[in-house]
Structure formats: C-alpha cells, structure tokens
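Shown next, in structure tokens, is the structure this report addresses.
Numbers restart at 1 for each chain; the letters A, B, ... are given by sequence-line order, proteins then strands.
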Amino acid sequence: MIDFESAPSGMARTTKKAVGDGSYLRGLNDRQREAVLATEGPLIVLAGAGSGKTKMLTSRICHLIEAQGVPAHRILAMTFTNKAAGEMRERVARMLAESARQGGGGYLGNPELGTFHSVCVRLLRRELGRTPFTKPFVIYDDSDQLSLIKRVQERLSIDDKAFSPKGIQAAINRAKCDAISPEEMESAPHDIFGRQVKRVYDQYQKDLVVNNALDFGEIICMTYRLLRDCEDVRETYQDRFRYIHVDEYQDTNRAQYLLLSMLAKKQFGGHENICVVGDEDQSIYKWRGADIRNILDFESDYPGAQVVKLEQNYRSTKTIIAAAGHVIKNNLTRKDKTLWTENEDGLPIVHAQLPDERAEAELVVSEIKRQGSHEGRGYGDFAIFYRTNAQSRQFEDVLRREKIPYQVVGGLRFYDRKEIKDILSYLKVILNPTDSVNLRRIINVPARAIGKTTIEKLDEVMMASQGPITFWEILERAALDPSMTSAGTARKIGAFVQLIRKITEEQPKLLLSELYHLILDETGYVRELRKEGTEEAEARIENLEELDTIFQEFEEDQFNQLSEEERKAQPEERKRALLPAFIEQSSLVSDLDSMEGQASSVKMMTLHSSKGLEFPVVFLVGMEEGLFPSVRAWEEASEEDIEEERRLCYVGMTRARERLFLSNVVVRRIWGNVNYQEPSRFFVEIPGRFLEMRDFAPQVFGGASASTQRSFSSIPAPKTGGWSPARPATPAATGAGNDVIGRRIHHPEYGEGSIVLAEGSADDRKVTVEFAGKQRRKFLFRYVASYLS
DNA sequence: TTTAGCTCAATTTTT
DNA sequence: TTGAGCTAAA
C-alpha cells in the first residue's frame, strides 16, 4: 500500500537540526552497541520484545556506511513486512541525513532494503534472461493461485470433491516453503493424495510460466534456484551484498534459509557477513512454513557466530514483562533469555471472567470509555486482540453503538475485495495478456454474456491445439471464427478483445487515474453497480473511489521521487512506467501497511497482526481453552502446537506498554452452538501476584442482564503503589486553545520537528509535525506535549 | 445465462 | 452463525 504518511510532501524543509549530535552510537545500550560494532562474520542478535531491535539494525547499517565506508548498495537488509522495511528505510535515511549535516557523510546510493519478496522480485527482474520468463511477470496472490489450481485439476480430470483444490494448494505451498520442486517430491506408494498433489504441482508450475506469473512461494524458490544453479549470478550477488541483515529471523522458512545460505555461506563462496535478528519466543508462523530451527541452529550453521542478547525492554511495565516472562518460561524449545526492564512496576494485570461474549464486549468498551474520560487517554491508545477474526463482531457492534471510532486491522484486505481485484485484473491483463487467470476473471465482468458454456468450448479448442497456446490467443481466434462458438458469441468475444486492445493502446499515453477512468467508462463497471442499487453495491462504489485516490497518490508519489530533469524529460516514458510499478507494489502489500492514518481510533486485530506493534492499553480477549490456545476439536494438540500458542500469548502481552486486560467468558456461541468454555491455561501460568481477578460470571446462571452494568473498575483496584500514569497531564496538554503552530518538538524517535497543523481540541487535539526530510507525522497533542522544546 | 436456494465448511495469513 | 460456491430452475 502507499504509505500516505511518509509520502514526500514536496514542501521546503523547515527544520534546521535534528537529534542530538547525530552520532548513531549514542543512545545505544552496551549490548546494542556490541551488535552494531560486530560487523565482520556471522552474528545472531536475540532481541526480546521491545528491546530496540530496529534501532540497533538501523544504527548498524549507518555504522557500516559511515564508519566503515561500505558503499550503501553493498548492504542488504531483509524484512518480512513492508511496514518494517519502510520504517528501517526511513530511519536510516534520517540518521544519514543528520550525520551529513554534522559534516560527515558523502555516501553513495541506498542500501538494498526490503521484504524478502520485494528483494527477490527485483533480483528476478534484473536477471529476467536467466528465468523461464520471456517478459516481465505478474504476481499471483492466493486466490489467483487457487483459480489456476482448479483449472489444472479440471484439465487433469482430478476430482475436486475427493481432492479439494484448497488442500492441494496448501500442499503445494508447503512444498514451496521447503523449496521442494515437483520433481523432488516424493510420495509413498499408498499416498494417493500425495501423488495427485505432485501431478497438479507439476502442471501448475508449467502453467505459471505460460501465464508469465509467479506465486509468493515461487518468488523465493526461483531466486534460490537461480542462485544455486548459476554460479555467475551467485558470485555477482555474493559480491554485491557484502553485508546481509535479516529481520525476524525466527519466521524464515526453509526456502528463505537456503536462499540466505547461497548468498552468505562460505561453503558456497560467501563471506558470512550475515547478521540475523530475531526472537524465538515470537515465532508464530510455523503453520505458514516458518522453521524455528533456523534461529535455534544458527550457531551451528555458522560456526564461530557471535551471539548478542538484547534483553532490556523499553516498552512495558515491570508487571507486564514479568508476567509475560512467566508464561513463555513454560516453553521448552527456546534459548535462555530473560527480558527485564527499568520501567515502573505499573498496575496489576486485570483478569476478568464474564458470562458471555456480549458481556465481554460491553466490559471492554466501558473500560475504554472510563479510561478515556477519567485517565485522559485517546481512543488510539487502546487495542483489542483476539485469536480469530470472527471475534471482532461483538466488539464492533458495541463500539458502533457507543459511537467510538474503531478500526479493524486485517480481515479482508482492501486489495482482496472483489471490485478492486476486478479492476486490477483489467490492469494486469493489459500489462500481460498471457495471464489467463486474470483474463478469465474479467471476461464476463461486468456481465457481457460470455458464460460457462462458451468458456468450456474455448477450453476444448485450447486443449486440442498443438503446442502451448494462451487463452488470449484463443479469444482472438474465436472472435474471427464464428464456427468455434456461434456468430453471436463470436461478436461478443470480438467486442471484448477490441475493448482490451483499445485500453492497451491507450495505456502508455495515460496517467494511472486516467486509465482507470477509461476502464470504468468502457466496461460500464460502476454503471452496473449503480443499477443494483443495494447497500453492498454502494460500498463497492465507495471502495472504487478509494482506489481512485490511491492511484492519484501513487502518481504524486512517483512524481515526487523524480529529479527536476527527469520530470521534464520523457513524460511518455514516465506514464508508461506507472502501471507496472503500481501493479508490482499492489501485489506485495498488506492492510497492516496502511494502518497508520487514523490515529484516534480503537484498534482491533488478531494476535498475529499485533506482532511488531505496541499500545498503551491492551485487551486480550477470549482467553479460553480451545479458542486460545486454539485446538482443533478432532485433533489432539501437540506440545509443539501449544508452544506456538503460548508464543502468541507472549506476543500479545508484550504489546502493552502500561495496562493489560485479559478476559475469558463462560459461555460462547461458536458457529451457532452454545459452548461452555474453560479459562485458558495461560492464566494459570501467570503468578497470582501480577493478576487481579474480577469474576462476573456466576451471574450467567441467575440473571445475565446485569452483566452489562459491570465494569473492570467496579471492584476497586488493590493499592499496589508504584504506578503513575506514564504520560502525566502537562499544563500544555490540558490547557486547550493556545496556538501551537510553529512550536518546536524534540521527539525521541523522530528527532527535531515543528508543528505545522493542529486540529481537534482538548484530549482529541491532533497536531501534524514535520520532521527532517519533510517527513510528516500526526500525533495526539497529549503525546508530544512533553516533547515541546 | 442468470439467479435463487442449497450445502458445506469453518484458526491464525508478514508476501 | 455466516459466507462462499455450486446445482437446479427461469
């Protein structure tokens, strides 16, 4: 997604001087500094939650560039999310700019910094000639992949009842996580499912090439194989990436591990200047192929590796850190590592037990309201974490009723919405007509009377043809040959082919937003939606308007990145390049990337989405056996599975800065059934002295209605002194009305800035601060009041 | 070809 | 309970 917050504003810089004296070694603790300075040879940094890992990584990169004189482009840093990559890029740029102002600097280029996938895509594009592709490829997401698998199954006459396409997809992706190709796939003699998977996988791979497409797993695998099989390519990149950094190493899968080996290991000619950073206690993606052994075995993989542990936490209260520590201690497959903090003790963790999920939502929301009005918090201070997306419903209902702004993170991604995918399919087809998955998607959207029968006929022709032929070529032929279908159908197909040709022709001359409107006009997409007149259709139209904004933002963004001369020269080239650039970006983003923006709203998300984030107040809800830890009813939970759930619990708890609320309910309706739930075993793992129990559940057997009256604070909190609000209300924060525009800010993270915009009032007052590099950030004024200089 | 009703399945989802 | 995806009728 486009990062609106950090888009260059194009305005003149207003700040003069940034953070302190600019040395990137200042402000680091001993362990962090040790990791920064250990630049040669393998290094593993075990970075506990909130221990300043990103700070360490960015300082290290700057140190390499400035102190060691390593050319920036020789440094590689890989993350898992765009968000993490963006944050690092931003911080590195800021540090370097700062140091240049201090008289240092003179560095060249930028470090290669991005997600595993984006780095690999760039590499593959550069080495396109060494791949099976003859022209730039598109990227298939999971649903595109599933469509293709269904197609393959159909063609191979593999029954989709006996072998569910989803199951086959999962098996193929599991193989890709392990970098296993169809040929390398072994199937036991009696493993009939495995044999079918192998058949589908094999054909699927061939189809990918015909379609000029890659799936997520293949991006990594293909890069790995390219490096493995082409010595010259391997040498090029080993030489280029002299210093390798990997973030969230605990989440790497086998394929990523192998890829890194190719680049770094001595055995393959590498230099072993590899620095991996991770926390085995936060490995929560085993089910997606992450292999925790990668981090546990690093020291034996890279003999002589230095080990640095970052154990000081700067985020949470002592209570939260201690409680989380007691939980994670129960895991056996982990390294010896104990988080500690110099922060305040803080208040006890509240454990509330409630009659049902409705009461749970009411309680959480009433606590949010109470803290909002009595403790001076803004809505953006609160986060609700749950194990499954389905749990968000209850909370949304209550929040909506109470008119409290909220934002659900995750769930259905913006780019996964039907209408958005449809439009993007048009764009992808324009770029790459060989892409049959997207072509099939749009051929009858909006409805243009080219239905299933027609498609089946075309498929038959396609199968009967000698040699590979793309679906697009079949369409072109069918448009001219009425005998393939019928005269009427041939005309309809002809109209569609003309439509695509026309848009394709116009594309190079148009801006993205213009192209988008051309597509809407020519297809009548919005007209069709309006005809429906339903609420759902309205929502879709709104999403399409949002897409229009995204296109415009993207254009501006691209434009701002150009130099003066580039802007004048070759406007045509620029327009032509917009579409491929956009498609690439949109294929590799998630919703989380755009989460900032709505500062003053309660955030709701799954525990998985919460990784890497932090909030002053966290509610971890639905802590019940079976739900969290999650256990499939028909399977016995293995100790390994429970350990992963426990890590998830640890991740959730350590997101909280000041206050943590845990809750469980006694009766929960799941899929329409009433379930009697046991409290999660994780409660037992937290020593009683950190917990404050508030049990509202017995009510359920008498009168449940009383439950809505309850609140977390209806039982007075015990007096365990030591806690004081982390952000005391300063005079500036409470005294509304004074003009703050132009006031200078010294932010501990972003450095020097000045307030350029103010909106809202009292506790909800928000200010926009512009930092070095024209970087703008929006804060609640209360947040930054204490940073005023 | 479209659409209304039925069946079936159902965690988590960085890219 | 919800929704997605598919068969049977219009």
Please list, pair by pair, any protein nitrogen or oxygen found under 3.5 Å from a nitrogen or oxygen in nucleotides 1-8 of chain B.
| from | atom 1 | to | atom 2 | distance (Å) |
| --- | --- | --- | --- | --- |
| B:dT1 | OP1 | A:Gly451 | N | 3.3 |
| B:dT1 | OP1 | A:Lys452 | N | 3.2 |
| B:dT1 | OP1 | A:Thr453 | OG1 | 3.3 |
| B:dT1 | OP2 | A:Gly451 | N | 2.9 |
| B:dT1 | OP2 | A:Thr454 | OG1 | 2.9 |
| B:dT2 | OP2 | A:Asn444 | ND2 | 3.2 |

(message) When you measure from the side-chain N and O atoms of A:Asn82 to the phosphate of B:dT14, is any distance below 4.0 Å, counting only OP1 and OP2?
(response) no
(message) For a quick test of reading the model: is some side-chain N or O of A:Asn389 closer than 4.0 Å to OP1 or OP2 of B:dT13?
(response)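 Yes, A:Asn389 has a side-chain N/O under 4.0 Å of OP1/OP2 on B:dT13.
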Test of understanding: with salt bridge (Lys or Arg N to Asp or Glu O under 4.0 Å), list the residues that count as partners of [X], not counting sequence neighbours.
{"X": "A:Asp281", "answer": "A:Arg334, A:Lys337"}
{"X": "A:Arg400", "answer": "A:Glu396, A:Asp397"}
{"X": "A:Glu685", "answer": "A:Arg646"}
{"X": "A:Lys286", "answer": "A:Glu640, A:Asp641"}

Got a sec, which residues hit ring pair (Phe, Tyr, Trp, His ring centres under 6.0 Å) with [X], two or more places apart in sequence or on another chain?
{"X": "A:Phe116", "answer": "A:Phe80"}
{"X": "A:Phe683", "answer": "A:His351"}
{"X": "A:Phe241", "answer": "A:Tyr237"}

(message) List the residues meeting side chain to side chain donor-acceptor pair (under 3.5 Å) with A:Glu360, not counting sequence neighbours, and say none if there are none.
(response) A:Ser663, A:Arg668
(message) Going by the rule side chain to side chain donor-acceptor pair (under 3.5 Å), which residues pair with A:Asp459 if we only count those two or more places apart in sequence or in a different chain?
(response) A:Arg151, A:Arg440
(request) Specify the residues of residues 151-160 of chain A, ordered by number, for which at least one heavy atom lies under 4.0 angstrom from an atom of DNA chain B. (result)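 Result for residues 151-160 of chain A: none.
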(request) To the nearest 0.5 Å, tell me how far A:Glu87 CD sits from A:Lys55 NZ. (result) 14.0 Å
(request) Give a yes or no on whether a donor-acceptor pair under 3.5 Å exists between the nucleobase atoms of B:dT11, that is its base, and the side chain of A:Arg387. (result)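 No pair found.
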(request) Between B:dT15, B:dT12, B:dT14, spot the one nearest the side chain of A:Phe80, thanks. (result)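 Closest of the options to the side chain of A:Phe80: B:dT14.
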(message) I want to verify a distance call: between B:dT15, B:dT12, B:dT14, whose nearest atom is closest to the A:Asp251 side chain?
(response)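 The answer is B:dT14.
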(request) Given side chain to side chain contact (heavy atoms under 4.5 Å, CB included), test A:Phe137 with A:Leu128 step by step and report yes or no. (result) CA-CA 9 Å; A:Phe137 45 82; A:Leu128 201 67; 3.8 Å; yes
What's touching nucleotides 2-4 of chain C from the protein side, N or O pairs under 3.5 Å?
| from | atom 1 | to | atom 2 | distance (Å) |
| --- | --- | --- | --- | --- |
| C:dT2 | OP1 | A:Arg393 | NH2 | 3.4 |

Could you tell me whether [X] contacts a base, only the sugar-phosphate backbone, or nothing, with contacts defined as non-hydrogen atoms closer than 4.0 Å?
{"X": "A:Tyr285", "result": "base"}
{"X": "A:Glu584", "result": "nothing"}
{"X": "A:Ser630", "result": "base"}

